[in-house]
Amino acid sequence: MTYDVVVIGAGPAGMSAAIQLRKAGIAVAAVDEQAAPGGQIWRGVERNAGPVSAALGADYQKGATLVEAFRDSGAEYLPATQVWQIEEGWNLFLTSEGKARRIKARAVLLANGAQERPVPFPGWTLPGVMTVGAAQILLKSGGMLPEGEVWIAGAGPLPLLYATQVLGLEGRIAGFLDTSKRPGLAALSSLPGAWRDIPGLLKGVRWLWDLKRSGRMVRGFSDLHAEGEGRLQHLQWRAGNEQRKVRADVLLVHEGVVPRIHETMALGCVHDWNSDQNYFSARLDQWGETSRPGLFVAGDAGGIGGWLAATLSGEIAALGIARYLGGSPDADSLRREAGLDERLSRARALRPFLDALYPPPAEHLADEVVVCRCEEVTAGQIRAVAKVSAPDPNAVKAATRCGMGPCQGRQCGYTVQALVAEVHGLPLADVSFFNIRPPLKPVTLGEIAALGDLEEA
Amino acid sequence: MFKSVHDKPGKASDMTVFVNGAETAAWNGETVASVLLRAPGAERRSTVSGEPRLPYCQMGVCFECLVIVDGVASTQGCLVPVAPGMRIESQHGPREISK
């Protein structure tokens, strides 16, 4: 099958782009891992109603309109489908229901969003420890609320929003371990820009207020440990000179989100280091095009900006793709008439303030902590290899199998980079990421073999 | 560890699935990885040390939810919605060649 454009991801950016591309009469396929459109932010938006939808809030409900427009757009929607290889030209290899196939496109838009930043600490692999984003997905998917002694540890807007949603459904949060730093000069100096989004700021204040009313707030602690026999049972931390211990059944952690970069890394696109939030993202031109002609990125995959910025960058990328394909000589004027740049800059107004308020954590990692969850490689093993090799995460990977498990470095990549930088006394920006190799997702030999038969037929 | 807000006394669940052979109530819209957090003894064993593990990210990036679904091993449970009668089995260690 050949399309003009294949969009990867059916969240805010991917859906907005697909709708816009269809308006220009362009043939689009939208591939998504999930069974229904909406991305993580609007997961289950077509199904959720009543108290769950009410608790998820107004920003969540806004997704329903866009999902409906996407369904009606005429884009060919391929749900529950994984993309495991992308080749310039463009060939995309997909698997759904255990069957692999290849589709072709003249241009590709990556709108596959973000993932939560993995932050290892002692006990983070215990059953009962998971991310705040994971818990929120459970709430959106089957109306799941955490039970027992529920603790949240982390920083950023998501833990506050999630806690508010849980409380709105009469759930309980035992306590919140706030890892954010007191607002420093950097955060305060970006406040004037943030005032352009007063409703956004007020939301944050209200979330914090709700959380403080419901459970214990812990600030200024260190050395968080999750402990238990076979599952989480206790949390320990140090506050000043005192060691604290509480019972815990569920610990939800969150230290911000980072773009998904495996696809652009595998394709050798030029990336830049974001030193405010410590992540790589593909370098994009004003239309969202990467250093590989015909490969575009929109939404959080190109740098964290949130859902509203994602919809706008999706529309801009759609105009850019139409321009690239030669079908829209008036892309510039359409962009101006729709006021896309002003709206995008307003949607991003709060971002510098949030980035400065919630810097990525930089606590020292003890040698015994598991960094690579798949291959179970510890910080100590990584440091030992880093000391005797070049400052390159790939040397660590070759020597320890760190990053070679099924997640392919999605959980350990940035931690390995930070440990290599630490050992060699280098700034993070001077250490690269793992080399990302195909396939992007595990695929069976059987799937690949069946693909060969198809090609010959 | 988790309970659905739809789970109320006297109200039937949307469907039944089987986790390691045990009948388990499940709800429309949830995934296999979500059920694993409610079913007792549904931990998988990690491939190196054999530690118990449960789903961590729920968004397809951590692979802690690898599970055998209707006989297919190494399935990412967080990407598969539940279906009535689905057979979910814990995967201990790496996938076997035959599954």
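Letters go in sequence order (proteins before strands), and every chain restarts at 1.
We find the CE-OG distance between A/Met144 and B/Ser34 to be 4.0 Å, quoted to the nearest 0.5 Å. B/Leu66 contributes atom CG, which lies 10.0 Å from atom SG of A/Cys407 (distance to the nearest 0.5 angstrom).
Chain B forms the most heavy-atom pairs under 4.5 Å with one residue out of A/Gln408, A/Arg260, A/Glu170, and that residue is A/Arg260. The choice from A/Val132, A/Leu138, A/Asn48 that makes the most heavy-atom pairs within less than 4.5 Å of chain B is A/Leu138. With respect to chain B, the highest number of heavy-atom pairs below 4.5 Å among A/Val253, A/Leu145, A/Thr131 belongs to A/Leu145. Between chain B and the residues A/Arg231, A/Lys140, A/Gln82, the largest count of heavy-atom pairs under 4.5 Å involves A/Gln82. The greatest number of non-hydrogen atom pairs below 4.5 Å with chain A, out of B/Asp14, B/Val5, B/Val48, B/Leu54, is found for B/Val48. Of all the listed residues (B/Cys62, B/Pro81, B/Ala26), the one sharing the greatest number of non-hydrogen pairs under 4.5 Å with chain A is B/Cys62. Among A/Val250, A/Asp249, A/Thr125, the residue with the largest count of heavy-atom pairs under 4.5 Å with chain B is A/Thr125. Of the listed residues B/Glu64, B/Glu51, B/Glu43, the one with more heavy-atom pairs under 4.5 angstrom with chain A than any other is B/Glu64.
Only the side chain of A/Gln40 has a heavy atom closer than 4.5 Å to any heavy atom of chain B. Only the side chain of A/Gln34 comes within less than 4.5 Å of a heavy atom of chain B; its backbone N, CA, C and O stay farther away. With a threshold of 4.5 angstrom between heavy atoms, B/Pro52 approaches chain A through its backbone and through its side chain. At a 4.5 Å heavy-atom cutoff, A/Ala55 makes no contact with chain B through either its backbone or its side chain.
Nearest heavy atoms, B/Asn28 versus A/Arg47: O-NE, 3.9 Å. In this structure, A/Val129 and B/Tyr56 approach most closely via the heavy-atom pair O-CD1, 3.5 Å. Taking all atoms of both residues into account, the shortest heavy-atom contact from A/Ala134 to B/Gln58 is CB-CG, 3.5 Å.
Side chain of A/Glu376 to backbone of B/Ser49: a donor-acceptor contact under 3.5 angstrom is found. When atom types are taken as modelled, the side chain of A/Lys441 and the backbone of B/Gly60 share a donor-acceptor pair closer than 3.5 angstrom. Of the possible donor and acceptor atoms, one in the side chain of B/Ser4 sits under 3.5 Å from a partner among the backbone N and O of A/Gly142.
Side-chain contact between A/Ile137 and B/Met59 is present, with heavy atoms from C-beta onward closer than 4.5 Å.
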